[in-house]
Each structure stands twice: as C-alpha cells, then as structure tokens.
Protein chains: 2
Amino acid sequence: MADRLAGLIEDLRSRGARVTSARRHILSELVGAEGHLTADELAARVQRAQPDLHLSTVYRCLDALERLGLVDHVHLGHGRAVYHLTDDPHQHLVCEECGVVIEVPDSTFAALSHDLASSYGFSIRPNHFAVLGRCAACGPTS
Amino acid sequence: MADRLAGLIEDLRSRGARVTSARRHILSELVGAEGHLTADELAARVQRAQPDLHLSTVYRCLDALERLGLVDHVHLGHGRAVYHLTDDPHQHLVCEECGVVIEVPDSTFAALSHDLASSYGFSIRPNHFAVLGRCAACGPTS
DNA sequence: CTGCTTGCAAATAGTTTGCACGTTC
DNA sequence: GAACGTGCAAACTATTTGCAAGCAG
C-alpha cells in the first residue's frame with residue numbers, strides 16, 4: 001500500500017509534474033479508499049490532515065492527475081463524479097435504488113467490447129462508464 | 001408518426017395526467033426527433049411554436065412524463081442529460097471525442113445483462129445507461 | 001371551481017476560472 | 001527565481017423549487 005503510493009508519487013515526478021502536499025494526500029486517500037470517492041469526499045478526508053485544502057484544489061489536482069493518466073473519473077448518473085486510480089482496471093455497476101457501487105473486472109465487458117468494435121467500429125473507453133440498474137439487495141426493477 | 005403522438009397523448013389522459021399544450025408539444029418534438037434531445041434543445045424547439053414556454057416547465061413536464069413511464073433520460077457523461085421516448089428500446093454509445101450518439105438495439109446487451117444477473121444478481125436498467133468511448137470516425141483511444 | 005400546471009425568479013449542486021500569493025524544482 | 005500550484009471568491013452549467021396566476025377536467 002505504501003509501495004503503491006510511492007510508485008504513484010514517482011510517476012508524478014518522472015513525468016515532470018510537481019509533487020505537492022495536496023497531490024500526495026489525494027493520491028494517498030485514493031490508495032486507501034480503493035477508489036470511488038467524489039471530489040467532496042476526497043476533500044473532506046484530506047482536510048483532516050490539511051484543513052486549508054480547498055475543494056477547487058482537489059478538482060485541479062484530480063484534473064492534473066487525470067491528464068497524466070494516474071486517475072480516471074466515472075459519472076454515476078445524477079451529477080457527481082467519482083474518481084479512482086487507473087491501475088487495477090475495472091468497471092462500475094451502480095444501484096439506482098441504494099447507490100451502492102459494485103466493481104467488476106474488465107473481462108466482464110470483453111465480449112461486449114468486441115461486438116461493438118466489429119459492428120459499429122466503436123471502441124469502449126475502459127474504466128469510464130457506469131452501468132445503472134438495481135443490485136441484488138434492492139431486487140429487480142419493479 | 002401522428003399516430004404515435006396520438007397514442008402517447010392518449011396514454012397521458014388515461015393515466016389521469018392533464019393534457020396540456022406544453023406536454024403535447026414536448027411529446028411531439030420527441031416523436032419528431034426520435035429521441036436524444038437535451039432539455040435545452042427541447043425548450044428551443046417547442047419555443048418556435050410557443051415562445052413563452054419556460055425551461056423549468058420543460059423539466060417539470062419531462063419529470064412527469066418520466067414518472068408516467070413515457071419518457072426516460074440518459075446521462076451522457078459530462079452533465080447534460082438527453083431524453084427519449086420509452087417505446088422502441090435501445091441503448092446509447094457516446095463518442096467522447098465528437099459527441100455523436102449512436103443507438104444500438106437492446107439485444108446487443110443481452111449477453112452482458114445475463115452475465116451480470118447471474119454473477120452479481122445485478123439487473124441492468126434498460127435504456128438508462130450510455131457507453132462512452134470513441135466512434136469509428138474518431139478512431140480508437142490514442 | 002378545485003387542483004394540477006405553468007411562468008418567473010431565485011435557490012441549489014457540482015464544477016470551473018481569474019487572480020494574487022506561496023511552493024517546488 | 002521562474003514556472004507551476006494553491007486559496008479564495010466569484011462565475012458557470014444543469015437542474016430544482018417557491019409562489020402566485022392560469023388552465024384542464
């Protein structure tokens with residue numbers, strides 16, 4: 001876990017981006033949470049250690065990290081986006097009833113991805129879409 | 001086409017909802033456009049015939065129509081939602097580069113839907129998610 | 001006529017931006 | 001010390017809501 005963070009920091013540095021306190025904390029929280037954090041949540045968590053970190057800084061950091069390819073975001077339907085690290089590729093199932101987010105391996109979408117490529121020439125962007133529906137606990141759509 | 005509109009109006013009436021000028025126009029535009037309209041676009045089109053129709057009314061109408069099951073909306077990633085009629089079920093592929101929306105039949109997702117149901121007990125909500133990626137014209141993710 | 005609908009203005013949520021100051025390399 | 005990053009306030013976009021007036025049933 002500490003190794004993973006160290007690797008990410010190293011990535012940052014090696015691509016010529018500056019390693020700041022805000023970025024270090026944000027990456028650290030993302031590693032700790034294993035993804036799925038909104039900008040809000042991320043700000044709240046980092047602020048426990050660094051109270052004057054502003055929400056807009058979180059957005060700018062995430063934007064920079066995304067541009068560098070370390071982070072990606074997914075829109076979960078009703079506005080708010082969640083951010084996660086790009087290593088450990090996965091897709092998201094979101095329950096519209098209870099809001100739970102289930103991670104599923106990329107391989108689940110391999111067949112679909114292939115079909116869409118051959119039928120429509122369309123390339124799915126990995127890690128960047130959420131599938132909406134209802135989870136097992138909430139039962140099928142009534 | 002006129003028949004389709006008449007059927008929708010009838011649906012409205014039979015479920016006890018009031019048939020207003022705003023609702024009639026909105027349904028008419030949705031039929032004419034074959035879906036994929038944002039609230040903005042919808043307002044602009046209806047305003048050609050009924051200039052004082054307010055955007056908030058469009059949202060309220062769409063909300064009512066959605067509650068009645070005639071209309072559904074999809075979030076295309078960066079905020080704005082598009083609305084479409086619920087008959088003629090289909091899914092949406094959205095190109096992140098050029099924004100084009102490609103409709104594909106529900107059947108394309110049948111296998112995925114089945115897999116997710118059996119592996120995770122998760123029921124995909126039909127017609128309510130968009131798949132992001134890149135269209136044939138824009139080429140695969142660089 | 002009674003309540004569902006609408007127009008309008010103002011509020012909200014999520015995110016972005018301008019600018020002056022602080023920090024990293 | 002030059003360029004990049006951050007804090008803060010204000011702008012912006014998409015959508016929702018309160019309220020008084022309007023129209024459908």
Side-chain angles (χ1 to χ4, degrees), chain A residues 8-29 36-44 46-47 49-68 70-83 94 99 130, chain B residues 8-27 29 36-44 46-47 49-68 70-83 94 96 99 130:
Chain A
L8 291 165
I9 302 283
E10 192 41 47
D11 274 0
L12 256 191
R13 204 184 309 271
S14 70
R15 299 191 204 191
R18 296 195 173 166
V19 179
T20 67
S21 165
R23 291 177 181 182
R24 218 188 311 257
H25 277 103
I26 285 170
L27 285 173
S28 168
E29 290 298 339
H36 302 151
L37 294 173
T38 63
D40 262 359
E41 291 166 347
L42 214 32
V46 175
Q47 280 163 0
Q50 191 172 320
D52 59 347
L53 174 121
H54 201 275
L55 182 54
S56 68
T57 301
V58 173
Y59 280 110
R60 276 190 281 221
C61 284
L62 288 169
D63 192 56
L65 294 171
E66 215 167 331
R67 224 180 292 279
L68 293 168
L70 302 187
V71 162
D72 207 350
H73 74 276
V74 184
H75 294 279
L76 298 189
H78 46 295
R80 74 219 154 113
V82 295
Y83 295 80
V94 182
Chain B
L8 292 165
I9 302 282
E10 193 40 47
D11 274 0
L12 256 191
R13 204 185 308 272
S14 71
R15 298 191 205 191
R18 295 194 175 169
V19 178
T20 67
S21 166
R23 290 177 182 180
R24 218 188 310 256
H25 277 103
I26 286 171
L27 285 173
E29 290 299 338
H36 301 151
L37 293 172
T38 63
D40 261 359
E41 291 165 347
L42 214 32
V46 174
Q47 280 163 1
Q50 191 173 318
D52 58 347
L53 174 121
H54 202 276
L55 182 55
S56 68
T57 301
V58 173
Y59 279 110
R60 277 190 281 219
C61 284
L62 288 169
D63 193 58
L65 294 170
E66 217 167 330
R67 224 180 292 279
L68 293 168
L70 301 187
V71 161
D72 207 349
H73 74 275
V74 185
H75 294 279
L76 299 188
H78 47 296
R80 74 225 156 105
V82 294
Y83 296 80
V94 181
E96 293 182 301

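In the text below, chain A, chain B and the rest are named by the order of the sequence lines, each starting its count at 1. Remember, predicted model here, so these are calculated numbers, not experimental data. Heavy atoms only: backbone and side chains are in, while hydrogens, waters and symmetry mates are out.
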Item checked: Interatomic distance where CG belongs to Leu68(B) and P belongs to dC4(C) [whole Å] -> 14 Å
Item checked: Rounded distance (nearest 0.5 Å) linking atom CD of Gln50(A) with atom OG1 of Thr57(A) -> 9.0 Å
Note to self: Expressed as a whole number of angstroms, how long is the span from Asp52(A):CG to dT6(D):P?
What the structure shows: 11 Å
Next item on the list: Calculate the interatomic distance between Gln50(A) atom CD and dG5(D) atom P; express it in whole Å.
Entry: 15 Å
Note to self: One pair to check against side-chain contact (heavy atoms from CB on, under 4.5 Å): Leu53(A) and His25(A). What are the steps and the verdict?
What the structure shows: CA-CA 10 Å; Leu53(A) 174 121; His25(A) 277 103; over 6 Å; no
Check: In residues 10-27 of chain A, what residues come within less than 4.0 Å of DNA chain D, judged by heavy atoms?
Finding: Arg18(A), Thr20(A), Ala22(A), Arg23(A)
Next item on the list: Find the distance Glu66(B):CD to dT15(D):C1' and express it as a whole number of Å.
Entry: 13 Å
Check: Which value, rounded to the nearest 0.5 Å, describes the distance between Ser56(B) atom OG and Asp63(B) atom CG?
Finding: 12.0 Å
Notebook entry, point to check: Rounded to the nearest 0.5 Å, how far does CZ of Arg15(B) lie from CD of Glu10(B)?
Noted result: 11.0 Å
Note to self: Protein within reach of the bases, or only the backbone? For nucleotides 10-18 of chain C, mark each nucleotide 5' to 3' as B, S or -, using heavy atoms under 4.0 Å.
What the structure shows: ----SBBBB
Margin query: Distance check, rounded to the nearest 0.5 Å: Arg13(B) atom CZ versus Asp11(B) atom CG?
Written below: 11.0 Å
Notebook entry, point to check: To the nearest 0.5 Å, how far apart are CG in Leu62(A) and CZ in Arg67(A)?
Noted result: 11.5 Å
Notebook entry, point to check: From Leu8(A) CG over to Ile26(A) CD1, what is the distance, rounded to the nearest 0.5 angstrom?
Noted result: 13.0 Å
Check: Is a side-chain donor or acceptor of Arg80(B) paired with a backbone partner of Thr38(B) at a separation under 3.5 angstrom?
Finding: no
